[in-house]
**Student:** 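The structure follows.
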Amino acid sequence: MFAVVATTMPRLQASLLQPVRAATLRAAVVSTPPVTRWFATKKKGKGADSELAGTAADFNMATFTTRMSSCVDRLKSSLADEVSIGRANPALLDKVVVGKGVKLSEISQISAKDSKTLIVVLNDEDFMAAAEKGIRDAKLGLTPTRIDSHTLKASIPQMSAERRQSLLKAVSDIAENHRAAIRDMRAKARAEVKGLKIKSTDEVKRLEDKIQKEHDGVVKLIDALADSKKKEINNA
């Protein structure tokens with residue numbers, strides 16, 4: 001009996017100690033701090049700086065030129081749409097409305113007899129009274145006169161000195177607004193070139209010269225368009 005007990009005791013002790021050892025091992029694993037690895041920081045040298053530097057090819061001159069040209073196109077539209085010099089043009093009656101949302105151009109044929117007279121031929125004589133009223137209500141400064149049952153004449157009055165000065169000032173203001181837009185584009189282009197951090201001063205100088213040349217050419221074109229419009233106003 002003692003022999004059986006002696007043999008069994010070591011096994012019992014081992015089985016009892018086994019969970020304790022496992023718990024101790026788990027605690028040791030949990031309490032062990034994570035290993036932190038430190039890597040050397042790569043120092044920035046000349047090679048790193050050169051990777052950040054740009055070249056003249058990074059600046060899109062074509063985009064800059066296109067923006068300048070678009071500004072000129074907007075100027076042309078503004079001078080045509082916002083400065084009416086009093087010449088007879090069928091487009092003057094495009095906004096004239098007859099009745100409920102019906103445009104005069106939809107119920108008639110409109111043409112210019114001369115520089116001061118528009119002729120309106122109605123499709124139906126029943127529209128005559130409404131057409132006359134529509135032209136007056138449009139406040140275009142036109143005086144409609146009946147020629148026959150289907151035809152109206154819209155005369156453009158002579159331009160007054162006050163009106164002429166007002167139009168000349170409008171042209172100057174419109175031109176200056178577009179010059180300011182061009183100067184702003186030039187400033188942004190220069191800032192973009194500066195941001196490229198081009199190492200070669202010769203490349204930077206060539207780019208800036210191109211930008212300035214494009215700017216000067218567009219400004220001259222704006223001046224020419226404004227002068228042409230003013231001449232047209234003075235001769236009206």
Side-chain angles (χ1 to χ4, degrees), residues 65-185 218-236:
T65 302
T66 299
R67 289 172 180 169
M68 290 278 187
S69 298
S70 297
C71 187
V72 173
D73 292 339
R74 290 193 295 272
L75 170 65
K76 292 177 180 178
S77 297
S78 294
L79 291 176
D81 299 339
E82 299 175 30
V83 183
S84 176
I85 62 173
R87 289 187 181 276
N89 186 333
L92 288 174
L93 301 180
D94 282 349
K95 295 181 180 181
V96 175
V97 178
V98 179
K100 295 182 179 180
V102 179
K103 291 184 177 181
L104 178 62
S105 58
E106 295 175 352
I107 60 168
S108 66
Q109 290 77 48
I110 305 171
S111 61
K113 180 181 179 181
D114 52 45
S115 62
K116 294 294 181 182
T117 309
L118 288 172
I119 299 297
V120 181
V121 180
L122 299 168
N123 297 338
D124 191 320
E125 63 181 20
D126 292 340
F127 295 126
M128 179 61 73
E132 289 177 311
K133 184 177 185 301
I135 293 173
R136 292 193 191 94
D137 292 348
K139 298 181 180 179
L140 298 171
L142 304 179
T143 304
T145 305
R146 296 188 187 190
I147 295 177
D148 57 41
S149 61
H150 287 80
T151 310
L152 277 172
K153 177 178 71 173
S155 300
I156 298 174
Q158 188 70 27
M159 187 183 298
S160 65
E162 183 180 357
R163 174 63 175 167
R164 193 184 308 278
Q165 289 303 315
S166 176
L167 291 177
L168 291 173
K169 184 179 183 304
V171 171
S172 295
D173 291 344
I174 291 171
E176 182 53 35
N177 288 339
H178 286 76
R179 289 191 200 97
I182 292 298
R183 290 194 294 270
D184 183 59
M185 291 180 193
V218 174
V219 168
K220 287 182 180 179
L221 182 55
I222 290 174
D223 292 343
L225 290 170
D227 290 343
S228 177
K229 192 67 176 182
K230 288 179 179 180
K231 184 177 180 180
E232 190 178 353
I233 292 170
N234 285 324
N235 293 334

**Student:** Considering all heavy atoms of both residues, which atom of Leu122 and which atom of Phe127 are nearest to each other, and what is their separation?
**Tutor:**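 Looks like CD1-C, 3.9 Å.
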**Student:** Measure the spacing between CE of Met68 and CD1 of Ile222 and express it to the nearest 0.5 Å.
**Tutor:**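 Spacing of CE (Met68) from CD1 (Ile222) equals 8.5 Å.
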**Student:** What's the separation between atom CG in Asp173 and atom CD in Glu82, rounded to the nearest 0.5 Å?
**Tutor:**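 Output value for this atom pair is 10.5 Å.
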**Student:** Determine, stepwise, if the pair Ile119 / Thr151 fulfils side chain to side chain contact (heavy atoms under 4.5 Å, CB included).
**Tutor:** CA-CA 7 Å; Ile119 299 297; Thr151 310; 3.8 Å; yes
**Student:** To the closest 0.5 Å, what do you measure between CG (Leu225) and CG (Leu79)?
**Tutor:**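 Interatomic distance, Leu225 CG to Leu79 CG, rounded to 0.5 Å: 6.5 Å.
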**Student:** On a heavy-atom basis, which atom in Ser149 and which in Glu125 lie closest, and how many Å separate them?
**Tutor:**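 Looks like O-CB, 3.2 Å.
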**Student:** Counting heavy atoms not belonging to Glu106, are there more than 12 under 6.0 Å from its CD?
**Tutor:**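 Enclosed: over 12 neighbouring heavy atoms sit under 6.0 Å from CD of Glu106.
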**Student:** Under 3.5 Å, sequence neighbours excluded: what are the donor-acceptor pairs made by side chains of residues 69-76?
**Tutor:**
from: Ser69; atom 1: OG; to: Thr65; atom 2: O; distance (Å): 3.1
from: Ser70; atom 1: OG; to: Thr66; atom 2: O; distance (Å): 3.0

**Student:** Nearest 0.5 angstrom please: Arg164 CZ to Leu168 CG, how far?
**Tutor:**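 Taking CZ in Arg164 and CG in Leu168, the distance rounds to 7.5 Å.
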**Student:** For the residue pair Val171 and Ala226, what are the closest heavy atoms and their distance?
**Tutor:**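 In terms of heavy atoms, the two residues are closest at CG1-O, 3.7 Å.
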**Student:** Say you draw a straight line from CG of Leu93 to CG of Leu104; how long is it, rounded to the nearest 0.5 Å?
**Tutor:**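 Those atoms lie 6.0 Å apart.
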**Student:** Residues in salt bridge (Lys or Arg N to Asp or Glu O under 4.0 Å) with Arg179, at least two apart?
**Tutor:**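 Scan of Arg179 (salt bridge (Lys or Arg N to Asp or Glu O under 4.0 Å), adjacent residues dropped) gives Glu176, Asp223.
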**Student:** Side chains of Ile174 and His178: does their closest heavy-atom pair fall under 4.5 Å?
**Tutor:**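 Yes, their side chains come closer than 4.5 Å.
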**Student:** Is there a donor-acceptor contact under 3.5 Å from the side chain of Asn89 to the main chain of Leu92?
**Tutor:**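 Checking the backbone N and O of Leu92 against the side chain of Asn89, no donor-acceptor pair under 3.5 Å is found.
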**Student:** Sequence neighbours left out, what pairs pass side chain to side chain donor-acceptor pair (under 3.5 Å) with at least one residue falling in residues 225-236?
**Tutor:**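 For residues 225-236: Ser172-Lys230.
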**Student:** Quick one: side chains of residues 128-142, donor-acceptor pairs under 3.5 Å with protein atoms, not counting sequence neighbours, listed by atom name and distance.
**Tutor:**
from: Glu132; atom 1: OE1; to: Arg146; atom 2: NE; distance (Å): 3.2
from: Glu132; atom 1: OE1; to: Arg146; atom 2: NH2; distance (Å): 3.0
from: Glu132; atom 1: OE2; to: Arg146; atom 2: NE; distance (Å): 3.1
from: Lys133; atom 1: NZ; to: Asp137; atom 2: OD2; distance (Å): 2.6

**Student:** Residues in side chain to side chain donor-acceptor pair (under 3.5 Å) with Thr117, at least two apart?
**Tutor:**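 Testing Thr117 for side chain to side chain donor-acceptor pair (under 3.5 Å), a comparison that skips the adjacent residues, returns Asp114.
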**Student:** Going by the side chain to side chain donor-acceptor pair (under 3.5 Å) test, which pairs reach into residues 90-105, not counting sequence neighbours?
**Tutor:**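 Side chain to side chain donor-acceptor pair (under 3.5 Å) check on residues 90-105 returns no pairs.
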